[in-house]
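Since the model is a prediction, treat every value here as computed from it, not as a measurement.
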Amino acid sequence: MVYASSSNYSLPQEEEDIPLLTNSTPLSSKLKTLANIFIAIVGAGVLGLPYSFKRTGWVMGLFMLFTVAFLTYHCMMLLVHTRRKLESPFMGFSKIKSFGDLGFTISGPIGRLAVDSMIVLSQSAFCVSYLIFISTTMAFLTTNKNETASYFLGLSPKVLFLWGCLPFQLGLNSIPTLTHLAPLSIFADGVDIAAKGVVMVEDVFVFFKDKPDLEAFRGFSVFLYGIGVAVYAFEGIGMVLPLESETKDKEKFGSVLGIGMGVISVLFGAFGALGYFAYGEDTKDIITTNLGPGVISAFVQLGLCINLFFTFPLMMNPVYEVVERRFCGSRYCLWLRWLLVLLVSLVALLVPNFADFLSLVGSSVCVILGFVLPAMFHCIVFKDELGWRCIVPDVTIMVFGIVIAVTGTWSSLVEIISPKA
């Protein structure tokens, strides 16, 4: 066996020594699980889909979006099946709670370190982008001025809103489990759907009014760009094992995840296509910019801010799992969570232009986490049982992910290094 044996690399057992803590954790119903899946995947990346459709053409954009959605769902289920196989009586491994635990079980400490590092980097980067979007948007909505201008005690409105989020985020991030976050997830989902629904309705009216020229296919030169944007839009790979762990009916988790991914894919496709249909060649990189000033634009941007505000603690959950396991014996640690929230806030404060860095993280780390590692782990565990039926599709996904990661990372680095006009 390539992966670690259960006798040599058993997972930490501290939780088994605390039955009260373990047994008291409530499990999520199908509705709560669906809500957490939705909010774990839907983030700020969807706002760039209309611009991606402009760059690639709407037919090519839809094709790439649904292809990436299917591959993402497939790779998420590869992780679930791999964990179930390792936890089966035949394999005899201890409980595997996270992506990092899975990497440790299969590849030992190196596997865990690789997974943990990428999860912490990617999830933290998403949360930094959330804070930047929230603070910048709220500063614009409340001042209608340059959000970087000095306002109070020498601080800009953007900085004031960022620090204003901190005490509320400290409270939200003190909530220990995903199940307890589910009511907030459902509320945030409702606000997000309403905001995106308003954008799509506005897009329909604008389309019938202006009917801009549209392109269905712009050639293969922009294929990698469209794939990169689509991969970033589906950003929840680090959440799938924690979500499945807290699901009450685990046998139904695959179908619930499939329903969630299907609904999200249709929503993303409609959002991207309608945005491009409405504005054509004038579609901007963040679609809300096309709405201009007014009540509708303010409502949409405020709704997106609310959604990302309540998404923040959910997206930080995998980070807490990693650092609490490494520094607190997998026990809940309030002060460590607060410290991490503070650090993420400081990064958001110190990185005024985060788009290039986020693109770099998405193109490299997210592709490896989302495609390469799930396929690799599944191949290692199942190759003896399934043979070529396992090796061929898993290796194909790994090669696809590596190609996208290399080309996307190179493209992002060129964009960062090249002088801006």
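- Closest approach of Leu131 to Ala348, counting heavy atoms only: CB-CB, 3.9 Å.
- Side-chain contact between Ile134 and Phe161 is absent, with no heavy atoms from C-beta onward closer than 4.5 Å.
- Nearest heavy atom pair, residue Ile37 against residue Ile264, reads O-CD1, 4.2 Å.
- Aromatic pair Tyr73/Phe234: ring centres not closer than 6.0 Å.
- Leu241 CG to Arg83 CZ: the interatomic distance, rounded to the nearest 0.5 Å, is 4.5 Å.
- For the pair Leu162/Ser345, a side-chain contact is recorded, criterion being any heavy-atom separation below 4.5 Å from C-beta on.
- For the atom pair Ser52 OG and Met60 CE, the distance stands at 9.5 Å (nearest 0.5 Å).
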Without placing hydrogens or testing angles, list every side-chain donor-acceptor pair under 3.5 Å for residues 390-397, not counting sequence neighbours.
| unit_1 | atom_1 | unit_2 | atom_2 | d |
| --- | --- | --- | --- | --- |
| Asp394 | OD2 | His378 | ND1 | 2.8 |
| Asp394 | OD2 | Cys379 | N | 3.2 |
| Thr396 | OG1 | Val392 | O | 2.7 |

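- Looking at Leu102 and Leu79, their side chains come closer than 4.5 Å, going by heavy atoms from C-beta outward.
- Phe312 is listed as a side-chain neighbour of Asn173, based on a closest heavy-atom distance under 4.5 Å.
- Phe400 and Phe371 have tilted rings, their planes meeting at an angle from 30° to 60° on a 0 to 90° scale.
- A heavy-atom distance below 4.5 Å is found between the side chains of Glu281 and Tyr276.
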Using distance only, find each side-chain donor-acceptor pair of residues 199-209 under 3.5 Å and give its atom names and separation, not counting sequence neighbours.
| unit_1 | atom_1 | unit_2 | atom_2 | d |
| --- | --- | --- | --- | --- |
| Asp203 | OD2 | Gly275 | N | 3.3 |

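- Between atom OG of residue Ser117 and atom CZ of residue Arg112 there is a gap of 12.0 Å, rounded to the nearest 0.5 Å.
- Here Leu336 contributes atom CG and Leu339 contributes atom CG; the two are 6.0 Å apart, rounded to the nearest 0.5 Å.
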Apply side chain to side chain contact (heavy atoms under 4.5 Å, CB included) to residues Val115 and Phe377 and explain how you reach the verdict. CA-CA 11 Å; Val115 173; Phe377 291 165; 4.0 Å; yes

List the steps, then state whether side-chain hydrogen bond (donor to acceptor under 3.5 Å, both in side chains) holds for Trp163 with Ser135. CA-CA 9 Å; Trp163 285 121; Ser135 58; over 6 Å; no

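- Between the side chain of Gln123 and the main chain of Asn317, no donor-acceptor pair closer than 3.5 Å is present.
- Between the side chain of Ser122 and the backbone N or O of Ile119, at least one donor-acceptor pair lies under 3.5 Å.
- Contact annotation: the side chain of Leu86 approaches that of Ile106 to within less than 4.5 Å [non-hydrogen atoms, C-beta and beyond].
- With hydrogens and angles disregarded, a donor-acceptor distance shorter than 3.5 Å links the side chain of Arg337 to the backbone of Ile175.
- Residues satisfying the side-chain contact (heavy atoms from CB on, under 4.5 Å) test with Phe168, not counting sequence neighbours, are Phe309.
- Tyr332 approaches Leu334 most closely through the heavy-atom pair OH-CD1, 3.4 Å.
- The OH atom of Tyr130 sits 11.5 Å away from atom CD of Gln169, with the distance rounded to the nearest 0.5 Å.
- No donor-acceptor pair closer than 3.5 Å links the side chain of Trp58 to the backbone N or O of Phe53.
- Rounding to the nearest 0.5 Å places CE of Met316 at 5.0 Å from OG of Ser124.
- Residues Cys328 and Tyr320 form no side-chain contact, since every pair of their non-hydrogen atoms from C-beta on lies 4.5 Å or further apart.
- Contact detail for Ala230 and Met64: the closest heavy-atom pair is CB-O, 4.3 Å.
- Using a 4.5 Å heavy-atom threshold, the side chains of Thr247 and Val256 count as separate.
- For Phe217, the CZ atom counts as densely surrounded, since its 6.0 Å shell holds more than 12 non-hydrogen atoms of other residues, nucleotides or ligands.
- Pairing each heavy atom of Cys75 with each of Pro374, the nearest pair is O-CB, 3.5 Å.
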Apply side chain to side chain contact (heavy atoms under 4.5 Å, CB included) to Phe99 and Leu373, showing your working. CA-CA 10 Å; Phe99 204 162; Leu373 290 182; 4.1 Å; yes

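- Cys305 and Phe133 make their closest contact through SG-CE2, 4.1 Å (heavy atoms, listed as atom of the first residue, atom of the second, distance).
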